[in-house]
Amino acid sequence: MVHDAQMDYYGTRLATCSSDRTVKIFDVKNGGQILVADLRGHEGPVWQVAWAHPMFGNILASCSYDRKVIIWKEENGAWDKMYEYCGHESSVNSVCWGPYDFGLILACGSSDGAISLLTFTGDQQWDVKKISNAHTIGCNAVSWAPAVVPGSLIDQPSGQKPNYIKRFVSGGCDNLVKLWKEEDGQWKEDQKLEAHSDWVRDVGWAPSIGLPTSTIASCSQDGRVFIWTCDDPAGNTWTAKLLHKFSDVVWHVSWSITGNILAVSGGDNKVAYTL
Amino acid sequence: MEELDVEPAITNIPAASDGKHLGFAWGPGDILAYETLYMAPGSGCSFIHEVRKDEDIYSPILRKLFNESHHIFVGLQTIREDLPSKNKKTQFVSISKNYRSVIRACMEELQQVAVSTKVAEVATQYGNQVSILLAIELIWNLCEVLFIDAAPAGPLLLHLLDWVRLHKGDVDEKAREVLQSESPAEHHDYWDVVVSYVLQGRFEEARQMLVKQATLQPAARNMYKLMDTLLSKMPFYNPGGTQTLTEFDVKWRHWHEEVDRCLQDNSFASNQHLEIICKILVGDEDTLLEHKELLSTWYHFLVTRLLFCHPTVKPTELHYYAQSCMTMFLDLRSVPEPLDSILLAAFEFDIHQVIKDCSIALNNWWFVAHLTDLLDHCKLLQSHNLHFGSNLREFLLLEYASGLFTHHSLWQLAVDYFDNCPEFGHVYLELQIERVPLDTERKALKVLRICEQRQMSEQVRSICKIMAMRALRNNRLGSALSWSIRAKDAAFATLISERFLQDYCARGTFSDLDLIDNLGPAMLLSDRLTFLVKYREFHKLYEENRFSEAAKLLLSLITAKIAPRSFWMTLLTDALPLLEQKEVIFSADQTHELMFCLEELTSSLNTTAPGTDRTMQVRISSCTQTCNRLQIKILRCKSAITIAMRKGKNAPGF
């Protein structure tokens with residue numbers, strides 16, 4: 001049973017993960033399908049995979065029921081474990097790489113209710129920050145906000161590293177959608193968005209098309225998909241709009257690259273396109 | 001969000017069985033779908049299906065359509081706003097004709113392949129594409145007549161006649177067949193051809209055909225003469241002439257009365273065919289409808305009816321006639337096809353409906369995007385706000401161009417489309433261009449040039465970084481260095497310079513000398529890089545036996561302290577051969593500075609913490625030895641200088 005399939009940035013490679021505990025990587029250039037790697041290391045069904053930005057090389061993260069997050073890297077044509085994180089006490093349900101502007105940083109959501117942030121600091125070292133009890137009972141999904149520099153309308157003097165505000169959204173078994181912000185090196189809960197009446201299964205932060213608005217999609221066990229929008233750049237007032245109520249659990253939401261289409265996957269075996 | 005008022009099409013994914021979920025992921029031009037169970041282990045079908053919406057961009061013949069229409073599009077965008085509207089209209093009509101000729105050319109090519117291929121699948125596929133293009137051209141042509149050319153009453157009918165004639169090619173085919181036969185007037189299709197000509201208002205040709213019949217029936221000569229006269233006297237409005245519309249109308253009515261009189265007089269009663277033609281000329285609806293097969297479409301019926309009942313029809317009256325003609329013609333079929341609705345919407349001058357229906361009916365945005373763009377330039381679209389605020393034209397162009405982006409070479413066309421979308425084009429381009437696979441250096445440079453031209457500095461940085469990393473991983477240091485210079489990435493340039501220096505220490509030679517020697521001001525990007533370049537320069541000077549310049553450079557490198565600390569020993573060691581030259585190279589001041597640096601280095605070595613390991617100690621001691629040698633050399637040099645001074649000879653450096 002395949003649990004997740006993700007194309008890399010360019011659509012030339014496909015990574016899949018499965019109940020059989022493996023992560024497989026295929027070369028799909030020009031309509032072909034060549035198995036490039038069969039990665040073994042997890043001891044339970046693997047729930048999600050995520051490709052990092054190509055500027056860091058070929059790097060893939062996977063998370064599994066076995067409570068582990070493994071980061072794989074391709075070196076000289078061969079895939080190998082780059083890092084293994086075992087700091088969760090329960091199944092890790094979701095992994096998501098941050099925008100490349102932040103460097104190599106991975107958010108992981110787990111059934112133990114915690115969210116961990118793994119940052120690559122160079123020379124095979126990873127820095128770990130953990131947000132315990134992010135969602136009571138468990139965290140099901142994490143998704144990063146696009147990189148935005150505060151006051152980015154003003155020119156930054158070149159050569160200086162801009163001060164990015166790192167934000168991401170998470171959804172959990174407490175029926176909540178939470179926004180997190182990094183301040184002074186610490187992660188703080190920024191917003192708590194309530195609208196769902198059952199476990200939030202997936203969240204997705206829409207890509208930025210240059211407007212000052214931010215948009216988040218969330219879907220839940222209660223069959224509802226909400227679209228959250230915030231018009232002020234400070235990110236304080238969020239309004240929910242019900243996109244649709246489906247007759248069954250909605251498991252997965254995903255924005256297209258330009259954020260004009262939201263794909264939704266529900267328990268009634270359908271994938272709906274919304275413009 | 002606008003409500004969808006049409007049920008979205010359902011695409012079935014095979015092998016997604018009951019009780020399982022449908023997983024999906026976005027691909028660049030498609031969606032991946034697979035059977036799964038969310039958050040529950042299990043077994044099942046392990047296939048992943050690729051769902052692709054638009055196959056057209058992969059068709060080699062259609063690619064010409066995209067390429068050539070791109071060319072026309074770009075030209076259209078440059079039409080100056082300040083031209084007088086009359087000139088602009090002519091230009092717009094000409095551009096519209098250009099687009100249509102491109103469609104026709106493509107259609108012909110597809111038709112040729114469809115006919116000549118032996119593969120049934122290909123024939124069907126291409127045949128379908130031909131039908132679609134035919135419909136597209138039909139619609140476009142009508143839009144050109146009604147919206148762009150916007151002919152008033154009078155010329156309007158003439159244009160519509162042209163339109164119908166252009167899209168009913170089988171008449172000429174049949175005519176050819178009949179004329180090439182032994183006795184055309186006795187051919188079984190003869191009368192069909194004559195009637196078809198009349199229905200299309202092609203009276204000259206009808207008359208020529210009739211002559212053949214007339215010669216066969218000398219007894220009926222008068223009847224044929226009469227018909228010939230009627231046909232020749234039918235007035236056609238001349239747009240370029242001096243006659244006003246009213247005058248034409250009067251003339252036409254006279255003629256119409258004359259034809260009617262012939263009917264009433266039973267002038268053609270003895271010849272069934274001529275009688276039918278006379279009834280057609282008088283515009284008898286029932287007779288027209290009896291010839292549905294020859295008319296074949298309701299819009300042909302519409303134009304013919306207008307020709308013989310109301311040639312001075314006004315644009316605003318069209319929709320009434322169109323609706324009634326369609327109803328009369330299609331009485332057997334209950335639901336009109338999409339094409340019919342689109343044409344009807346056009347006759348009703350409901351441009352938005354036309355665009356909307358076309359968008360739904362076709363699976364490729366090409367047609368609606370280009371047509372809407374042209375109509376927008378003609379200022380025919382009211383601003384029609386969509387969900388995310390961009391106007392209709394921009395929305396369609398963005399969708400079309402985004403579709404092109406997934407193609408390995410057509411993506412370059414998409415750039416121009418994005419450039420001409422003022423609101424979101426830039427950001428769409430930013431998001432899409434990062435996804436173009438950088439398979440080769442050449443392609444990367446192409447992408448880069450596009451980004452640089454548009455001041456997309458983020459993307460430039462990102463692409464250069466990706467290429468630099470890739471080169472570094474493949475040990476192509478020179479390439480990595482030039483990419484990081486292009487990215488203006490000081491940190492990376494430093495990293496690569498260190499690698500170069502390490503290489504040098506290991507092998508004693510530099511790689512990529514061409515690059516390093518010709519960096520110019522780029523070398524100032526990072527201190528380490530500057531050092532690398534200057535160090536290499538030192539070696540060059542030495543090889544060219546320009547010792548005093550080499551010495552000066554070396555000394556400046558040592559004293560400027562841009563060398564990494566680990567390199568100091570190497571630098572001082574490099575001074576050795578210079579000191580060993582027979583000639584005294586260094587001046588007194590220079591030797592002073594050398595001594596000073598040496599002392600600093602020696603003291604740092606001596607203050608190394610105790611307990612350092614054996615290898616470290618070995619290194620330190622060998623360093624110390626070299627230092628001692630240096631000291632001796634320098635002192636010898638110094639004394640040589642002093643001697644030279646005493647002897648009155650000019651020592652170097654003075």
Side-chain angles (χ1 to χ4, degrees), chain A residues 1-7 9-12 14 16 18-20 26 28-31 44-45 47 53-57 65 75-76 91 93 100-101 140 158-159 201 207-211 227 241 243 249 251-252 254-261 263 265-267 269-275, chain B residues 1-2 4 8 10 13 16 18 20-48 50 387-389 398-399 402 406 424 426-428 430-432 434-439 457-458 462-463 465-466 468-470 473 488 490:
Chain A
M1 177 73 63
V2 174
H3 286 290
D4 196 14
Q6 295 290 336
M7 290 281 227
Y9 230 66
Y10 301 125
T12 50
L14 174 66
T16 62
S18 154
S19 282
D20 69 5
F26 297 86
V28 292
K29 266 201 297 274
N30 302 322
W47 298 129
H53 192 273
M55 78 159 68
F56 301 110
Y65 180 75
E75 205 76 68
N76 300 324
S91 167
N93 303 320
Y100 65 76
D101 315 72
N140 292 325
S158 62
R201 279 294 171 191
S208 155
I209 44 167
L211 298 173
I227 305 285
K241 185 162 170 203
L243 177 63
V249 180
W251 291 99
H252 195 27
S254 171
W255 293 97
S256 63
I257 303 179
T258 44
N260 60 344
I261 306 180
S265 170
N269 228 353
K270 290 200 175 75
V271 174
Y273 255 55
T274 312
L275 212 66
Chain B
M1 196 165 290
E2 276 182 18
L4 257 177
I10 296 185
I13 313 288
D18 269 337
K20 301 270 171 54
H21 304 138
L22 199 63
F24 69 89
W26 285 101
D30 42 28
I31 285 193
L32 300 175
Y34 49 91
E35 181 187 88
T36 188
L37 269 177
Y38 280 109
M39 303 313 289
S43 62
C45 173
S46 53
F47 282 112
I48 295 186
E50 206 181 333
H387 166 63
F388 29 86
L398 289 173
E399 286 296 319
S402 298
T406 59
F424 291 111
H426 189 84
V427 69
Y428 262 65
E430 280 179 5
L431 290 167
Q432 306 264 19
E434 286 192 311
R435 303 274 175 165
V436 175
L438 307 170
D439 311 312
S457 46
E458 272 288 316
S462 157
I463 292 168
K465 195 105 191 258
I466 293 173
M469 282 289 309
R470 215 184 271 179
R473 277 205 308 276
K488 297 199 181 31

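So you know, we letter chains A, B, ... as the sequences are listed, proteins then strands, and number each from 1. Heavy-atom basis, side chains included; hydrogens, waters and symmetry copies ignored.
- Using a 4.5 Å heavy-atom threshold, the side chains of A/N260 and B/E399 count as touching.
- Between chain A and the options B/R470, B/K488, B/M469, the largest number of non-hydrogen pairs under 4.5 Å is found for B/M469.
- Annotation: side chain of B/L431 is in contact with side chain of A/I209 (closest heavy-atom distance under 4.5 Å).
- Residue A/D20 does not touch chain B at all, counting heavy-atom pairs closer than 4.5 Å.
- Between B/R473 and A/E75 the shortest side-chain heavy-atom distance falls below 4.5 Å.
- Taking the six-membered ring for Trp and thresholds of 30 and 60 degrees, A/Y100 and A/H53 have ring planes inclined between 30 and 60 degrees apart.
- Two residues are said to be in side-chain contact when any heavy atoms from C-beta on lie closer than 4.5 Å; A/N93 and A/Y65 fail this criterion.
- Only the backbone of A/S208 has a heavy atom closer than 4.5 Å to any heavy atom of chain B.
- Ranked by heavy-atom pairs under 4.5 Å with chain B, the list A/G44, A/G259, A/S256 is led by A/S256.
- Comparing B/H426, B/E430, B/E458 by how many heavy-atom pairs each has under 4.5 Å with chain A, the most go to B/E458.
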